[in-house]
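Let me begin by presenting the structure, written as structure tokens, before commenting on it.
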Amino acid sequence: MVAIKPDIASEMKRAMSAGQFDQAAKIGARILRLHPKRTDIGIMTAVSELQAGSLANAGRRLKRLFHALPLKDRFFAPVAQNFRQYAYQSNDFAALETAIRKRLLGTERGNGMLAYMLADAIFQDELSKSPGVCVAPRLAEAIDALVLIPAQSAQYDDAQILLARIHLHQEQHAQAFGVLEKFVARYPDNLAVQIMLAASYAAANEASKAVSTCLAIISANPFYGAQPYLIISFMRPKSMSDGAVGYLDAMLDKQDLANAERYKAAFARARIEEAKGNMKQAFDFYKLGHAANRAERPFDIALERKELARLGDMAGETPVCEPAGAAEKDGPQPIFVVGMPRSGTTLTERILGAHPDVYAAGEIGDFAKAVIDVVGVGPISEQLARIDRKAAARIRKQYLDALKAYASEKRFVTNKTPANFLRIEMIRRVFPEAPIIHTHRHPLATCLSIYTTPFSVPMRYSDDLGEMADYYRGYVALMKASFEADDRGQMYDLSYEDLVSDPEAVAQDYLAHCGLDWHPGCLEFYRSDKAAATASMIQVRRPINQESVQKWQRFEPFIGPLAALADDAEILQSQATVKSSRRVVAA
């Protein structure tokens, strides 16, 4: 009779099953001291350490296993998978990338799994520094690695999806369409990729293709997801399929519906009701969507207000670099358009971008990325405190080099990232000569537009109406401090209402502030073929109009604590002066 060997990991497995991962990790470490070659124990120990939050220990253990195991070893794939998980949890993609490159230098060059992992590590590292499009030569290396993975490789399909994601991140829509359309042709039943394609069409303002793709998804499986309904409801609500309301309501009735899906389904329902003029029902659905987002992504308004106040205290208190010398004028110079989301930044930039001397780069992340590359991550106030003259010079050079990559032949390249209103003091420290245009609208118009827009990454402060009002007050105080510290006259205060009521006069004025002569074609920006990667991408395809100026009033009876913004003394005082001038304090 053959004796059955005892399972030396039984106690560890019981601890893992009970969710006692810290205990399981200790048991695994003890076993490995006696059985150091048991790779399976090493993997379980690393998994337990990841679950217990012991990331440094897990990283060291997985790195050793990753280097030691042959590619054909049956444990290599789970080691690689958990090493990637470590990188995602710790944001240490550099360690993963270094380990992969070391293996690719040897006989494993050209391996599909390693090539895919390298491209993913590069992409995730870039995303951690800049969630938006940016000049990133390393992404070209990632694309090259993915393109070389042969069709017969087990990683080919995953590589194609990652390739499309990189192209979309860089707003290379045509390339992304080419990859995704071929994928859908090969796998016509893969609805997940069809949704990705539909969202890509929407981002590029290809409304007809986006809507038709969404309708095809709904026809194949009306309960597959809420995204197709969301895209149709905001791009062409009249094209919505029959039964959409019933399907969406059935989704929302599901207790186990994921928060992200509940958010999308609720916003789609809200938009359907809004299109019918049922404003109370629409607002209730918007509230439902925001509640789902808040459940998924907690938010600390006190911490955010503290950061806004700290940035206001820092306005004007530190020295700036000297303005650019002649040597730095070889290439485009920056113009920054900042403001709350939905405040008119897109329209302002598109007018600028129609000028022959200007390239409108959109919501680029290159300035934030340069700051991270030079002074590291952290709250903006902490980053700002670390920018001395030497750091400012390095950030300046990196950003100017990026602008050359966008349009080396232009005089100016614009950056219209709204959140850069938090970085005004950084911008002044690094570019004390750069024009900064601050856009704003009526506070309720801004806040309600944010509240009713399905951003790909929702503004966390907008999930609660009272907290959004508090955040807006903090923003107003920060802008007041920024304008009061603007002793160089860099900032221009631009009212959206002024711009749409007298576009030529106001546009001439802020172009002059940027050092640009008037060009009549600036008001024909909507003729441009370039899509604006923004939540307001549909509007910027149309001539200037005043349709949205009082749009917020439809929801006024339902906005609760947000209504107080219209009577706030600080805001009223800041609105009392003439707008669209660098001589005033912004609202």
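This one's a predicted model, so the numbers in the text were calculated from it and none came from an experiment.
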CG/L352 to NE2/H355 distance, rounded to the nearest 0.5 angstrom? 9.0 Å
With sequence neighbours left out, the residues meeting ring pair (Phe, Tyr, Trp, His ring centres under 6.0 Å) with Y156 are none
Please state whether the rings of F336 and Y399 are parallel, tilted or perpendicular, taking 30° and 60° as the class boundaries. parallel
Look at the side chain of S130 and the backbone N and O of G132, then say whether any donor-acceptor pair between them is shorter than 3.5 Å. yes
Taking atom NZ as the centre, does K63 end up with more than 12 heavy-atom neighbours from other residues, nucleotides or ligands that are less than 6.0 angstrom away? no
Examine the side chains of S343 and T439 and answer whether a donor and an acceptor come within less than 3.5 Å of each other. yes
Whether the side chain of K410 engages the backbone of K404 through a donor-acceptor N/O pair (distance < 3.5 Å, no angle test) should be reported. no
Can you name the nearest heavy-atom pair linking A434 to P334, along with the distance? CB-O, 3.7 Å
Taking E307 for its side chain and S381 for its backbone only, find out whether a donor-acceptor pair lies under 3.5 Å. yes
Verify, without hydrogens or angle tests, whether R103 (side chain) and F66 (backbone) share a donor-acceptor contact under 3.5 angstrom. yes
What are the two closest heavy atoms between G112 and I149, and how far apart are they? O-CD1, 3.7 Å
Nearest 0.5 Å, please: how far is CD1 in I231 from CD1 in I195? 8.0 Å
Short side-chain to backbone donor-acceptor contact, S153 and Q155, under 3.5 Å: yes
Between R297 and D463, is a salt bridge (Lys or Arg N to Asp or Glu O under 4.0 Å) present by the stated rule, with each step listed? CA-CA 10 Å; R297 306 164 71 236; D463 289 327; 5.3 Å; no
Side-chain donor or acceptor of D388 paired with backbone N/O of A391 under 3.5 Å: yes
Can you check whether C134's main-chain N or O pairs, donor with acceptor, with Q170's side chain at less than 3.5 Å? yes
Distance from L403 atom CG to N415 atom CG, nearest 0.5 Å? 8.5 Å
Is it true that a side-chain atom of H167 and a backbone atom of I143 form a donor plus acceptor pair closer than 3.5 Å? no
Please check this pair: side chain of E97 against backbone of I122, looking for a donor-acceptor N/O pair closer than 3.5 Å. no
Check: Q124/Y88 side-chain N/O donor and acceptor closer than 3.5 Å: yes
Side chains of R342 and S449: any donor to acceptor distance under 3.5 Å? yes
Taking the six-membered ring for Trp, is the centroid-to-centroid distance between Y471 and Y475 below 6.0 Å? no
Given the side-chain rings of F123 and H169, with only the six-membered ring counted for Trp, is the space between their centroids under 6.0 Å? yes
Donor-acceptor pair, side chain of R460 and main chain of F299, under 3.5 angstrom: no
Do you know which two heavy atoms are closest between M459 and P341, and how far apart they sit? SD-CG, 3.9 Å
With salt bridge (Lys or Arg N to Asp or Glu O under 4.0 Å) as the test, would you mind laying out the steps for R310 and E425 before giving the verdict? CA-CA 12 Å; R310 174 63 180 141; E425 189 66 16; over 6 Å; no
So which atom in F83 and which in A95 form the shortest heavy-atom distance, rounded to 0.1 Å? CZ-O, 4.2 Å
Minimum heavy-atom separation for V375 to R386, with atom names? O-NE, 2.8 Å
Could I get the full list of side chain to side chain contact (heavy atoms under 4.5 Å, CB included) partners for V377, not counting sequence neighbours? I372
Out of L308, I427, V337, which residue meets the side-chain contact (heavy atoms from CB on, under 4.5 Å) rule with F421? L308
Under the side chain to side chain contact (heavy atoms under 4.5 Å, CB included) criterion, do S495 and R441 qualify, and how do the steps go? CA-CA 6 Å; S495 161; R441 298 168 67 186; over 6 Å; no
Just verifying a value: how many Å separate H513 NE2 and L511 CG, rounded to the nearest 0.5 Å? 11.0 Å
Indicate whether the side chain of Q81 and that of Q85 have a donor and an acceptor atom separated by less than 3.5 Å. no
One should read off an interatomic distance between T348 OG1 and H438 NE2, to the nearest 0.5 angstrom, of 10.5 Å
Y461 and I450: which non-hydrogen atoms are nearest, and at how many Å? OH-CD1, 3.8 Å
